Asks: 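Before we start, here is the structure in question, set down as structure tokens.
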Number of protein chains: 2
Amino acid sequence: MRMQKAQPKIKDVAHAAGVSTATVSRALTQPERLSEATREKVFEAIQATGYRVNRAARNLRTRRAGAILVLVPNLGNPFFSHILSSINEVLAANGYSVLVFDSQQHGASEQVVSDCLLNGSVDGLITLDGRVSDVTRQTLKNANMMRQVVFCCEWSDHLPVPSIRSDNALGTQMAVDHLVALGHRAIAHVTGPAENILGRVRKDAFSACCAAHGLDILPDWIIPGDFSLAAGVAAADRILAMGTRPTAVFCASDAMALSFISRCQQRGVSVPHDISVVGFDDIDLAAFSQPALTTIRQDRPGLGRLAAEELLAHLHGDQKSDGPHVIYAPISLIERSTTSAPAALRAEPGRVAKPAI
Amino acid sequence: MRMQKAQPKIKDVAHAAGVSTATVSRALTQPERLSEATREKVFEAIQATGYRVNRAARNLRTRRAGAILVLVPNLGNPFFSHILSSINEVLAANGYSVLVFDSQQHGASEQVVSDCLLNGSVDGLITLDGRVSDVTRQTLKNANMMRQVVFCCEWSDHLPVPSIRSDNALGTQMAVDHLVALGHRAIAHVTGPAENILGRVRKDAFSACCAAHGLDILPDWIIPGDFSLAAGVAAADRILAMGTRPTAVFCASDAMALSFISRCQQRGVSVPHDISVVGFDDIDLAAFSQPALTTIRQDRPGLGRLAAEELLAHLHGDQKSDGPHVIYAPISLIERSTTSAPAALRAEPGRVAKPAI
DNA sequence: TTGTATGCGTTATCAC
DNA sequence: GTGATAACGCATACAA
């Protein structure tokens with residue numbers, strides 16, 4: 001029937017071990033600088049007292065926080081949360097806490113970021129959100145925090161910091177080459193949001209690849225989307241209503257690809273028999289949909305891990321890795337069952353060419 | 001070409017405003033206790049100097065952290081990350097940071113939790129993971145932190161703290177009643193993991209409901225699963241191989257339901273024509289699958305919000321809400337297109353009874 | 001209503 | 001290799 005026991009402090013440990021507080025502190029942070037005897041004594045005392053270092057006090061003294069802020073656009077999106085998971089793993093293994101914030105929270109984002117960065121509650125920032133406001137950019141400069149920021153997945157060309165990403169242009173090329181190799185020449189593209197860097201890059205790469213292959217892509221076949229399930233449905237409705245339909249569709253996200261396919265099936269159009277579909281991301285469900293989705297795989301664990309490691313390198317002062325350099329995570333085409341030769345070619349399978357990469 | 005400007009401290013603001021540091025501090029924490037004149041002066045000085053409170057110093061002094069730890073089993077699972085998002089929203093609005101940790105990280109979980117709780121880097125804990133080790137339980141007791149813990153979604157009966165959850169038994173009953181109302185009497189259940197509280201509760205409720213309806217459920221029809229996509233495929237293979245097949249399946253998660261359906265379609269079995277399927281969760285994809293999934297909707301935003309609000313109430317000392325009470329978030333049956341009357345009844349639609357709830 | 005002075009628990013700088 | 005002691009930046013009890 002007592003109050004809670006007061007948390008033992010470093011002083012209590014020092015007392016129990018018969019040493020000074022300085023020695024206890026050293027045992028915690030640079031054990032190699034103590035004699036083996038005292039080191040043992042101290043650790044025993046720590047065990048005995050149940051001592052835990054007080055983070056606030058340590059942070060105040062060392063001017064570090066032991067925490068990293070991760071900015072995620074839409075936490076509810078499994079693509080991002082999966083990356084967050086692998087970031088969390090690496091940082092936790094290195095003694096850092098992960099502070100997470102959904103950057104799509106109504107407007108509060110900027111305030112939170114600048115607060116965290118300026119009040120020292122965070123040592124660095126990994127952002128999966130490529131939209132960086134002028135205010136935030138200025139905040140980073142003022143706080144001299146430029147070197148403690150890393151982009152992951154998305155990025156902004158206006159902020160000269162390291163960027164971990166997939167090679168989106170290459171992925172797009174893989175998708176288009178795959179379709180062309182199957183014999184498709186009429187290919188549509190459901191894009192990401194215009195304001196999103198990934199949407200833009202993939203769309204531009206799509207146009208470039210089609211041009212390189214000498215394909216004649218109707219303007220109508222570039223269908224604006226936003227990565228969402230709803231956008232895939234809308235795109236399907238648009239394509240099914242077209243006079244001259246494309247024979248294949250490259251969707252900028254798996255979510256759009258999956259809902260696109262569902263909508264087609266619902267309206268009696270078969271995938272890949274009537275139309276081939278390629279997605280982007282390789283989310284978990286892609287392998288389990290019916291038919292299983294052909295898609296471009298992004299290495300989500302790798303993206304998160306690389307971003308975390310890059311940031312750690314900066315925090316620990318590895319100068320070599322400075323500046324706005326780009327690190328690409330592996331990307332690959334996963335051929336499943338939503339792509340096949342177009343109907344027109346199917347009668348003469350001999351014509352299905354090998355990839356002309 | 002200078003070093004970064006040193007962060008202004010409270011002393012600098014005091015100087016600029018011509019007041020004492022105490023007054024500045026009060027302006028920050030209890031502005032109403034200042035005269036309007038000085039308050040304005042202070043805020044102007046804050047603006048002018050670009051002052052931000054140093055969190056570490058404040059935390060050390062107030063013995064609070066301004067942060068909440070959220071324990072998520074499998075951050076990569078969109079069901080959880082979506083809840084995390086809504087927790088984040090409420091807590092951020094109340095000035096708390098959210099520290100997140102994936103509790104399925106290999107073993108590190110216990111260490112991290114006890115560290116966070118004992119070293120004061122966190123004011124409270126919301127856990128979406130019902131597995132609470134003896135060590136963690138003891139840690140909570142020792143740190144006298146029992147009143148700063150809230151369960152969300154999952155829970156453990158061995159830890160007497162508030163629990164926000166869906167009424168899983170009711171949801172299960174809704175699913176079974178729905179199928180029975182359609183005329184099904186041979187219903188299978190793909191369960192969650194045996195060690196998971198949700199898996200157990202839903203399975204028990206399923207058996208109870210079937211008994212209440214006088215259904216004869218073969219032991220084989222209770223198929224062990226684990227909420228995953230792979231488990232749905234395995235379950236489909238088992239059911240399709242059965243001599244006497246059930247006419248309907250209640251899956252303990254949407255993930256299993258969706259992959260179950262895909263597998264059925266792949267093997268030429270039509271849903272709902274040959275077999276009806278009900279899921280649990282209502283994840284985003286449920287509405288967009290083909291056919292759209294009939295399922296039990298959990299109110300994910302509500303679950304997160306309620307958990308965050310409950311914890312805030314405790315932190316702010318509302319005694320009324322103490323102890324291991326349970327708060328249920330809304331749950332409902334979402335009828336879509338994966339359920340219909342069983343084949344045997346379809347010839348005589350007159351027999352399709354109304355729900356006998 | 002405002003100012004003064006102290007301490008929160010650590011780590012870093014000196015001595016020894 | 002170890003000990004004494006002064007910050008770190010803020011909030012609050014107490015005094016005015």
Side-chain angles (χ1 to χ4, degrees), chain A residues 4-43 45-46 49-67 95 115 118-123 143, chain B residues 4-43 45-46 49-66 95 115-116 118-123 143:
Chain A
Q4 69 195 97
K5 281 177 297 221
Q7 272 293 21
K9 357 170 145 192
I10 213 170
K11 206 171 173 182
D12 301 319
V13 179
H15 190 75
V19 298
S20 73
T21 60
T23 299
V24 177
S25 177
R26 280 193 277 263
L28 260 28
T29 55
Q30 5 186 350
E32 70 282 358
R33 290 189 42 179
L34 294 186
S35 76
E36 193 171 334
T38 44
R39 198 190 315 145
E40 261 180 40
K41 265 195 307 186
V42 172
F43 281 131
I46 289 178
T49 54
Y51 167 80
R52 300 295 177 120
V53 347
N54 178 314
R55 282 298 273 257
R58 170 178 283 181
N59 292 348
L60 174 58
R61 188 59 236 238
T62 60
R63 302 160 161 285
R64 300 181 344 98
D115 269 2
L118 292 178
N119 70 19
S121 56
V122 138
D123 296 321
Chain B
Q4 67 195 100
K5 282 177 297 219
Q7 273 293 24
K9 354 170 146 194
I10 213 170
K11 204 172 175 182
D12 301 318
V13 178
H15 189 76
V19 299
S20 73
T21 60
T23 300
V24 177
S25 178
R26 285 193 198 97
L28 261 27
T29 55
Q30 3 184 353
E32 70 281 0
R33 289 189 43 179
L34 294 187
S35 76
E36 193 171 335
T38 43
R39 199 190 315 147
E40 263 180 40
K41 267 195 306 186
V42 173
F43 281 131
I46 288 178
T49 54
Y51 167 81
R52 299 296 177 119
V53 342
N54 178 315
R55 280 300 270 257
R58 170 177 283 181
N59 292 347
L60 175 58
R61 183 60 232 239
T62 59
R63 301 160 163 285
R64 299 183 346 98
D115 270 3
C116 284
L118 291 179
N119 70 19
S121 55
V122 137
D123 296 322

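FYI, side chains are in, hydrogens and waters are out, and symmetry mates aren't considered; it's all heavy atoms of this structure. Values in this document were obtained by computation on a predicted structure and should not be read as measured data. Quick note on labels: first sequence line is chain A, next is B, and so on, each numbered from 1.
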Asks: Go through DNA chain C in 5' to 3' direction and return only the first and the last nucleotide with some atom under 4.0 Å of chain B's heavy atoms.
Replies: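 Nucleotide range in contact with chain B: C:dT1 to C:dG9.
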
Asks: Identify, between B:G18 and A:A22, the residue whose nearest nucleotide on DNA chain C lies closer to the 5' end.
Replies: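 Closest to the 5' end, via its nearest nucleotide, is B:G18.
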
Asks: Can you tell me the distance, in whole Å, between the CZ atom of A:R58 and the C1' atom of D:dA7?
Replies: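 That distance rounds to 17 Å.
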
Asks: side-chain contact (heavy atoms from CB on, under 4.5 Å) for B:S25 and B:L28? Distances and angles first, verdict last.
Replies: CA-CA 5 Å; B:S25 178; B:L28 261 27; 5.7 Å; no

Asks: Name the residue closer to the 5' end of DNA chain D, choosing between A:R26 and B:T29 according to the nucleotide with the nearest heavy atom.
Replies: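 The residue whose closest nucleotide sits nearer the 5' end is A:R26.
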
Asks: Measure from the side chain of B:Y51, starting at C-beta and using heavy atoms only, and say which of D:dC10, D:dT5, D:dA4 lies closest.
Replies: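 Closest nucleotide among those given: D:dC10.
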
Asks: Strictly below 4.0 Å: does A:S35 bring a side-chain N or O up to OP1 or OP2 of D:dT2?
Replies: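 So the side chain of A:S35 is within the cut-off, an N or O lying under 4.0 Å from OP1 or OP2 of D:dT2.
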
Asks: With a 4.5 Å limit on heavy-atom distance, are the side chains of A:K9 and A:N54 in contact?
Replies: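 Of all side-chain heavy-atom pairs linking A:N54 with A:K9, none is under 4.5 Å.
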
Asks: Indicate, with a heavy-atom threshold strictly under 4.0 Å, whether B:V19 touches base, sugar-phosphate, or nothing.
Replies: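 Sugar-phosphate only.
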
Asks: For B:K9 and D:dC8, what is the distance between atoms NZ and C1' respectively, to the nearest whole Å?
Replies: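 So the two atoms are 8 Å apart, to the nearest Å.
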
Asks: Round to a whole Å and report the spacing from CG of B:N54 to P of D:dA7.
Replies: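 Spelled out: CG on B:N54 to P on D:dA7 is 18 Å.
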
Asks: Less than 4.5 Å apart, side chain to side chain, heavy atoms only: is that true for A:I10 and A:Y51?
Replies: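 In contact.
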
Asks: Heavy atoms only, 4.0 Å cut-off, all strands: where does B:S25 land among base, sugar-phosphate and nothing?
Replies: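 Base contact.
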
Asks: Using atom NZ of A:K11 as one end and atom P of D:dT5 as the other, report the distance to the nearest whole Å.
Replies: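 About 12 Å, once rounded to whole Å.
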
Asks: Roughly, in whole Å, what's the span from CD in A:Q30 to C1' in D:dG1?
Replies: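 Spelled out: CD on A:Q30 to C1' on D:dG1 is 12 Å.
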
Asks: So what does B:L60 touch, heavy atoms closer than 4.0 Å: a base, only the sugar-phosphate, or nothing?
Replies: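 Base contact.
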
Asks: Within the distance-only criterion (no hydrogens, no angle test), does the side chain of B:N59 pair as donor or acceptor with the backbone N or O of A:A56 below 3.5 angstrom?
Replies: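 It does not hold such a pair.
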
Asks: Looking at every strand, decide which applies to B:R52 at a 4.0 Å heavy-atom threshold: base, sugar-phosphate, or nothing.
Replies: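 Touches sugar-phosphate only.
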
Asks: Does a nitrogen or oxygen in the side chain of B:T62 sit under 4.0 Å from OP1 or OP2 of D:dA11?
Replies: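 No, outside the criterion.
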
Asks: Just how far, in rounded Å, is P of D:dG1 from CD of A:E40?
Replies: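 The distance from CD of A:E40 to P of D:dG1 comes to 16 Å, rounded to the nearest Å.
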
Asks: Identify the residue among B:V42, B:V13, B:L34 that makes a side chain to side chain contact (heavy atoms under 4.5 Å, CB included) with B:V19.
Replies: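 So, applying the side chain to side chain contact (heavy atoms under 4.5 Å, CB included) to B:V19 and each of B:V42, B:V13, B:L34, only B:V42 qualifies.
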
Asks: Rounding to a whole Å, what distance do you find between B:D12:CG and D:dG9:P?
Replies: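 Result: 10 Å.
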
Asks: When you look at CD of B:E36, are more than 12 heavy atoms from neighbouring residues, nucleotides or ligands closer to it than 6.0 Å?
Replies: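 No - once you tally the heavy atoms of other residues, nucleotides and ligands closer than 6.0 Å, there are 12 at most.
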
Asks: On DNA chain C, check which nucleotide each of A:R61 and A:R33 is closest to and give me the residue with the more 5' one.
Replies: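 By nearest-heavy-atom nucleotide position, the 5'-most residue is A:R61.
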
Asks: Between the main-chain N or O of B:P31 and the side-chain N or O of B:R39, is there a donor-acceptor pair closer than 3.5 Å?
Replies: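 Yes, the answer is positive, given that a donor and an acceptor are paired below the 3.5 Å cut-off.
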
